[in-house]
Amino acid sequence: MKNMSSFKKWVSFSLAAALVITALSGCGGKAGNSGAGESAPAAGKEGAGSSPLELTVMLPIFKTNYPKDDGPVVEEIEKRTNTKIHLEWVPNASYADKFNITLASGKLPDIIYVGDVKGPSFVSAAKSGAFWEVGPYLKDFPNLSQANPVILKNSSIEGKNYGVYRGRVLGRNGIAFRKDWLDNVGLQTPETLDDFYNMLKAFKEKDPDQNGKDDTYGMVLVKWTGGWASGFDTMKLWFGAPNKWGVKDGKLVPEHEYPEYFEALKFMKKLYDEKLINSDFAVMDSAKWVDPIVNGKAGVIVDVVDVGARIDDKIHAALGKEGKDEPERHYIDVLGGVKGADGQLHTLPTSGYSGMLAIPKSTVKTEEELKQVLGFLDKLNDPDMQTLLGFGLEGTHYNLVEGGYIEPIKDTVKLESEVEGLNQMLAFIPMDQGKQVKQTPLRVKQAEVQKANEEFIVTNPAEPFISTVYSQKGQQLDNIINDARIKFIVGQIDEAGLKSAFEVWRKTGGDDLVEEMNKLYSQSNP
């Protein structure tokens, strides 16, 4: 039954691609709504005296209320960009299905949000020529030309960019820890691997909460999966292991075949044996990951840096109920990482993007029209436009307070119906140019740490590649590695057992995956 399900999905994706190609090759006018092709004379610039550029944009929405075409913020966007915009809002929960239906119909908007950039339907359509490859044009626009090369590579399909990525924090991962506990055990913020270990040990053995009980441990871990940062995915880099794939002698090598990866696993086993991490890590649900820190059982979490402020807020809420809270105090501190075995910092990056804004060739038919649409997306990323799409109109949706910070109005219905969701059109290239809401000192530090992390990220050289083998066997292959490393850490297998599991990985499809990935790698690095 599972094979039949996969076959049906393959047929569905193939049909979608075929219908897109048919739509592209057809003659006559546009297949969908009014778009850039009907505004060829428009320069897409303010003050040019040209007719507005007509654009239809399909985006996800997360609320039942959403901005209408004739809303005040949309009209202001149109005024500043000399456009006439029609927004096609789709509930986020059903967006993937709607995207595939729209793709198969051939009736595409001028700009369409692509949530799963590496999904089979979009990849097939992009490779068949359904979408513009925008990479060569970005240099011609003041904002889009500042796209991060790492994120461009990550969001590409085999090195080609079939849309404008929507930027997110690249250096987001790091460490959050109980600063009050660290002070209580007399230690400084850790800088090295040894410092990190000593912090965990002190949090287990030196009564960091000063309650006179042996009821705390160092770090909370969650169960691991192949495609999600789990704490270990960050920490393995401290030992010199690569990020999923490394390069040796010009060839891609999977991370678990590096000796540094094994050193990281031995470190994790040491933490487990000494009870410095939770014994139930292999089954802990990520939804409950922060609870041991909030409840005063664990002192460290290796996750996204911004988890720190969320934990701090929960600690404040819990203490507030007991009347013991100090509103201005932060119980949590954050850092990007610790220096590894080589004395250097190594941080795990995110992909750096959340979907992309793609431009179909069936509606935006010429290079001139493409440049107009890109000009529109570029304009949206001016500082004042990022503020407009993010917060609305000053005096209507927000007020400026001391320091030039934004204070949104309290009318959430008005904000939902006139503002929220419009930032889905923002590429954030460059990121966060507009005005911001005033943040707590901890949140300010988090942003600083995330920015500093970008200098030390370890990229995945195989990120742009689409693997047929992995699409078919990826979950099975990941499970082999996940199960083996968990069993090694808890002592169910030794080093020989670990290597045996890695051999099973090879024979189950790993060899085919390595061969395919290296073929793609050699093609992109001739």
Side-chain angles (χ1 to χ4, degrees), residues 13 16-26 30-32 35-37 40 44 53 55-58 99-100 102-104 106 108-167 351-381 425 427-429 461-467 520-526:
F13 292 138
L19 287 171
V20 170
I21 296 170
T22 301
L24 285 170
S25 60
K30 287 188 178 181
L53 178 67
L55 294 172
T56 297
V57 187
M58 181 171 148
F99 175 83
N100 284 326
T102 302
L103 193 62
L108 301 171
D110 302 287
I111 300 171
I112 186 168
Y113 165 72
V114 182
D116 188 358
V117 174
K118 305 300 174 74
S121 58
F122 179 68
V123 170
S124 179
K127 286 185 173 182
S128 73
F131 294 93
W132 284 95
E133 183 192 351
V134 303
Y137 300 94
L138 300 182
K139 66 182 186 304
D140 300 326
F141 299 91
N143 291 317
L144 300 183
S145 62
Q146 299 181 60
N148 186 300
V150 173
I151 305 176
L152 279 176
K153 183 176 181 181
N154 288 347
S155 60
S156 72
I157 296 173
E158 296 174 5
K160 295 183 178 181
N161 295 98
Y162 293 100
V164 177
Y165 72 72
R166 301 193 317 167
S351 64
Y353 70 98
S354 177
M356 65 167 50
L357 300 167
I359 304 171
K361 289 184 176 180
S362 58
T363 42
V364 180
K365 298 178 183 297
T366 69
E367 188 176 49
E368 180 183 357
E369 294 167 4
L370 170 66
K371 290 179 179 179
Q372 292 176 37
V373 178
L374 287 174
F376 167 74
L377 293 175
D378 184 78
K379 177 68 176 174
L380 293 187
N381 288 280
M425 285 191 286
F428 289 108
I429 305 174
E463 187 82 27
F465 307 138
I466 311 296
S467 166
L520 294 169
Y521 182 72
S522 64
Q523 290 172 349
S524 67
N525 296 275

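For this chain, numbers begin at 1 and follow the sequence in order.
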Practice item. May I ask you to test the I429-Y165 pair for a side-chain heavy-atom distance under 4.5 Å? Key: yes
Exercise for review: Measure the spacing between CD of E367 and CG of L370 and express it to the nearest 0.5 Å.
Suggested key: 7.0 Å
Practice item. Could you grab the distance from atom CG of L55 to atom CD of Q372, nearest 0.5 Å is fine? Key: 9.0 Å
Point to revise | Atom pair NZ (K361) and CD (E133), whose distance is rounded to the nearest 0.5 Å | key: 8.5 Å
**Study point:** Nearest atoms (heavy-atom pairs only) where S145 meets P142
**Key:** OG-O, 3.2 Å
Review point. Looking at CG of N143 and NZ of K379, how far apart are the two atoms once the value is rounded to the nearest 0.5 Å?
Key: 9.0 Å
**Study point:** Taking every non-hydrogen atom, the tightest pair across I111 and P360
**Key:** N-CD, 4.5 Å
**Study point:** Close side-chain approach of F141 to L377, heavy-atom, < 4.5 Å
**Key:** no
Review point. Are the side chains of T102 and L108 in touch, meaning some heavy atoms are under 4.5 Å apart?
Key: yes
Revision key, fill the gap. Here the gap from F428 atom CZ to I151 atom CD1, rounded to the nearest 0.5 Å, amounts to 12.5 Å
Check your understanding: Heavy-atom count around K160 NZ within 6.0 Å, excluding the residue itself: above 12?
Key -> no
Exercise for review: Could you check if a side-chain atom of V117 sits within less than 4.5 angstrom of a side-chain atom of Y353, using non-hydrogen atoms only?
Suggested key: yes
Review point. Do the side chains of K127 and E158 get nearer than 4.5 Å, heavy atoms only?
Key: yes
Point to revise | CA sep, side-chain torsions, deciding dist, call: D378, V164, side chain to side chain contact (heavy atoms under 4.5 Å, CB included) | key: CA-CA 10 Å; D378 184 78; V164 177; over 6 Å; no
Practice item. Heavy atoms only: give me the nearest T363-P109 pair and the separation to one decimal. Key: OG1-O, 3.0 Å
Check your understanding: Would you say R166's side chain and S354's backbone share a donor-acceptor pair under 3.5 angstrom?
Key -> yes
Exercise for review: Specify the closest pair of heavy atoms between S351 and N154, including all atoms of both residues, with the distance to one decimal.
Suggested key: O-ND2, 3.1 Å
Check your understanding: For V134 and G163, which heavy atoms make the closest approach, and how far apart are they?
Key -> CG2-O, 3.3 Å
Exercise for review: Before giving the answer on side chain to side chain contact (heavy atoms under 4.5 Å, CB included), spell out for N161 and L138 the whole-Å C-alpha distance, their side-chain angles and the decisive distance to 0.1 Å.
Suggested key: CA-CA 10 Å; N161 295 98; L138 300 182; 5.7 Å; no
Check your understanding: Just how far is it from atom CG of L53 to atom CG of D110, taken to the nearest 0.5 Å?
Key -> 7.5 Å
Exercise for review: Quick one: closest heavy-atom pair of L103 and S121, and the distance?
Suggested key: CD2-O, 3.6 Å
Review point. Under 30°, 30 to 60°, or over 60°: which ring-plane class applies to F131 and F122, parallel, tilted or perpendicular?
Key: tilted
